[in-house]
Every structure is written in structure tokens, then in C-alpha cells.
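All values below come from the heavy atoms of this structure, side chains included, with hydrogens, waters and symmetry mates left out.
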Amino acid sequence: VESTDFKWMSQLRFAWQMCPTGDDLVAVTKSDLRTCVIRICDWVTVYMYEYIGNTGRLVITPLTDRCFITVTQALNLGLGGAP
């Protein structure tokens with residue numbers, strides 16, 4: 001699998017790396033420090049270390065994978081992701 005194949009790009013990936021520059025990201029981390037970066041398809045954001053409580057587990061299916069891609073692409077276009 002190549003790094004540009006859709007099967008790889010459509011996976012939700014977390015990476016510990018330098019904060020991306022020029023992507024207009026809201027980050028609490030200085031740009032010269034490493035932070036957790038989240039990527040799926042062409043959407044990139046910085047993990048903000050928010051606590052979402054003790055929630056139930058989500059069963060990952062092909063449908064939830066498509067929902068993640070749809071919501072992140074809507075966020076990438078500035079359309080929001082509210083149900």
C-alpha cells in the first residue's frame with residue numbers, strides 16, 4: 001500500500017510531530033514543539049487534549065468509517081459537523 005492510496009489516507013491517524021505550519025490550525029502548542037497531530041484524508045488538526053468523560057465505546061464498522069470521513073471533510077470545508 002502506498003502512502004497516497006485511499007485505503008491508507010482514509011484511516012484516522014495520530015502522530016507525534018512538529019505542529020504543522022500554514023494550515024491555519026488552532027494550537028496551544030508552540031510551533032517549535034512536538035504535539036499530537038490527527039489526520040484523515042486531507043483533513044489535519046491538532047489534538048487539544050480535551051476530556052470528554054467516561055463515554056461508551058463506539059463499535060467501528062464500515063459505516064462508522066464512512067461517517068468519520070464525511071464529518072471530517074465537512075469540517076475541512078467549514079460546513080461544521082453537528083448531527
Do Tyr47 and Trp16 share a hydrophobic cluster, counting only Ile, Leu, Val, Met, Phe, Trp and Tyr and linking them when any side-chain heavy atoms are less than 4.5 Å apart?
yes
Can you tell me how far the CZ atom of Arg39 sits from the CE atom of Met9, to the nearest 0.5 Å?
8.5 Å
Separation between CZ (Arg66) and OG (Ser10), nearest 0.5 Å, reads 11.0 Å
Can you name the residues that form a side-chain contact (heavy atoms from CB on, under 4.5 Å) with Gln73, not counting sequence neighbours?
Cys41, Asp42, Trp43, Ile69, Asn76
Are Phe14 and Leu12 packed together at the side-chain level, in the sense that at least one heavy-atom pair is separated by less than 4.5 angstrom?
yes
My understanding is that only one of Val44, Thr45, Thr72 makes a side-chain contact (heavy atoms from CB on, under 4.5 Å) with Ile38; could you say which?
Thr45
Residue list, side-chain contact (heavy atoms from CB on, under 4.5 Å) with Ile60, at least two apart or on another chain:
Leu58, Thr64, Asp65, Phe68
As an exercise, state the distance from CD of Glu2 to NZ of Lys7, rounded to the nearest 0.5 Å.
13.5 Å
Where do Arg13 and Ile40 come nearest, in terms of heavy atoms and distance?
NH1-CA, 4.4 Å
Please report the shortest heavy-atom distance between Ala74 and Gly80, naming the atom on each side.
CB-O, 3.4 Å
